[in-house]
Amino acid sequence: MPAGFFMPELPEVETTRRGIEPAVAGRRVEKVIVREQRLRWPIPRELPHELPGRVFDQVGRRGKYLLLGTGDRSLIIHLGMSGRLSVVTEDLAPTRHDHLDILLAGGNRLRLNDPRRFGSVFWWAGDPLNHPRLAGLGPEPLSGHFTPQYLYTMARGRRAPVKAFLMDARVVVGAGNIYATEALFMAGIHPRRPAGRIALTRYAELHAALRAVLKDAITRGGTTLRDYVGADGRPGFFQLDLRAYGRTGEPCKRCGHTLRTERIGQRASVFCPRCQR
DNA sequence: AGTGCGGCCTGTCCGC
DNA sequence: TGCGGACAGGCCGCAC
């Protein structure tokens with residue numbers, strides 16, 4: 001993984017949300033500048049006409065979606081796999097891949113940079129949770145709706161590998177490749193094991209592991225937030241002691257066996273063949 | 001319904 | 001040194 005690369009999974013999105021909130025909440029939008037409309041889906045044409053004059057009254061998150069509420073309409077932003085949303089001062093000139101600027105009263109700008117353009121921006125009338133892309137999402141992993149029993153119940157009859165199951169946003173949001181890999185390692189579960197052939201007690205371990213690694217990354221990401229304006233907001237996983245992700249060929253921190261990589265569901269999956277069963 | 005996979009996109013790295 | 005190709009990733013949309 002290239003040094004300094006930002007990969008927005010749930011902790012990174014939550015860190016971004018906390019970072020921009022103080023500068024965005026209660027602010028009126030003065031202008032919208034779209035430099036590159038072609039993201040995963042085009043940035044809505046009407047945004048530059050309809051957003052200015054409105055006030056951001058909510059800065060929320062659902063899964064990996066940022067929800068910027070303005071009364072009865074919401075700006076919904078997904079960072080894809082290379083997107084960064086930051087608050088910059090008005091005099092900071094845009095650079096390559098700065099696709100969208102939202103000028104705020106008082107001088108700051110909310111700036112979206114996304115080299116790979118896998119991100120998306122929606123402009124939605126009504127409750128953002130009813131947006132078609134959000135309506136079918138599974139529970140938040142750090143909420144009380146996400147339980148071992150829930151995971152176990154959802155897995156009944158599923159023959160897909162547990163790693164694909166865990167990364168399915170309809171099952172639970174926020175488990176991207178990094179955190180799914182780490183959680184399965186911590187729980188000692190082989191990523192290829194069919195989801196429906198895992199006992200409730202083992203799902204309890206997976207549930208706890210996923211929550212722990214996400215919480216840890218959010219805490220660590222938060223430590224870089226002291227001055228988010230103009231700052232880099234380093235992703236939480238860069239400060240985590242990753243146990244499996246990115247360690248293929250290196251010794252397992254639990255048993256010493258060499259970690260290996262296999263492709264599971266089109267994704268590179270690192271695991272310990274000895275202690276993950 | 002569940003599952004698997006191609007496609008989107010660019011920066012980085014590897015081998016020749 | 002230059003260049004082609006593989007790879008990384010989330011997630012949609014399609015085919016079976």
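The figures here come from the full heavy-atom set of this structure, side chains too, leaving out hydrogens, waters and symmetry mates. The chains referred to below are lettered A, B, ... by the order of the sequence lines, with proteins before strands, and numbering in each begins at 1.
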ring-ring contact (aromatic ring centres under 6.0 Å, His included) partners for A:Phe118, two or more places apart: none
Nearest heavy-atom neighbours spanning A:Leu79 and A:Asp114: O-OD2, 4.2 Å
ring-ring contact (aromatic ring centres under 6.0 Å, His included) partners for A:His131, two or more places apart: A:Phe122, A:Trp124
Spacing of A:Phe118 atom CZ relative to B:dC8 atom C1', expressed in whole Å: 5 Å
Secondary-structure stems, DNA chain C, at least 3 Watson-Crick or G-U base pairs under 3.5 Å: B:2-16 with C:2-16
Interatomic distance, A:Arg116 CZ vs C:dC7 P [rounded to whole Å]: 14 Å
Set of ring-ring contact (aromatic ring centres under 6.0 Å, His included) partners for A:Tyr152, sequence neighbours left out: none
DNA chain B contacts made by residues 155-167 of chain A, counting heavy atoms under 4.0 Å: A:Arg158, A:Arg159, A:Ala160, A:Pro161
Whole-Å gap separating P (C:dG10) and CG (A:Leu134): 17 Å
A:Asp98-A:Thr95 side chain donor-acceptor pair, cut-off 3.5 Å: yes
Sequence-distant partners of A:Arg263, salt bridge (Lys or Arg N to Asp or Glu O under 4.0 Å), two or more places apart: none
N or O in side chain of A:Arg133 less than 4.0 angstrom from C:dC12 OP1/OP2: yes
Whole angstrom value for the distance that separates P of B:dG7 from CH2 of A:Trp41: 17 Å
Salt bridge (charged side-chain N to carboxylate O under 4.0 Å, His left out) pairs, two or more places apart, involving residues 248-260 of chain A: A:Asp241-A:Lys253, A:Arg247-A:Glu250, A:Arg260-A:Glu262
Sugar-phosphate only, base, or nothing, as touched by A:Arg38 at under 4.0 Å among non-hydrogen atoms: nothing
side-chain contact (heavy atoms from CB on, under 4.5 Å) involving A:His78 - partner list, sequence neighbours excluded: A:Lys64, A:Tyr65, A:Ser120
Rounded interatomic separation in angstrom, taking CE from A:Met154 and P from B:dG2: 8 Å
Presence of A:His97 side-chain N/O under 4.0 Å of B:dC9 phosphate oxygens OP1/OP2: no
For atom CG of A:Leu39 and atom P of C:dG10, their distance in whole Å: 18 Å
Distance test, side-chain N/O of A:Arg117 to OP1/OP2 of B:dT10, below 4.0 Å: yes
In a table with atom names and distances, give each donor-acceptor pair under 3.5 Å that connects a side chain of residues 196-203 of chain A to protein atoms at least two apart or in another chain.
| residue | atom | partner | partner atom | Å |
| --- | --- | --- | --- | --- |
| A:Arg202 | NH1 | A:Arg277 | O | 3.4 |
| A:Arg202 | NH2 | A:Gly188 | O | 2.9 |
| A:Arg202 | NH2 | A:Arg277 | O | 3.1 |
| A:Tyr203 | OH | A:Ala195 | O | 2.6 |

Salt bridge (Lys or Arg N to Asp or Glu O under 4.0 Å) partners for A:Glu140, two or more places apart: A:Arg61, A:Arg62
A:His99 NE2 - B:dT10 P separation (whole Å): 8 Å
Selection: residues 262-271 of chain A, any non-hydrogen atom under 4.0 Å of DNA chain C: A:Arg263, A:Arg267, A:Ala268
A:Phe271: ring-ring contact (aromatic ring centres under 6.0 Å, His included) partners, not counting sequence neighbours: A:His190
Contact under 4.0 Å: A:Arg170 side-chain N or O vs C:dC11 OP1/OP2: no
Spacing between A:Arg84 atom CZ and B:dG11 atom P, to the nearest angstrom: 14 Å
Side chain proximity check, A:Thr70 to A:Trp123, heavy atoms < 4.5 angstrom: yes
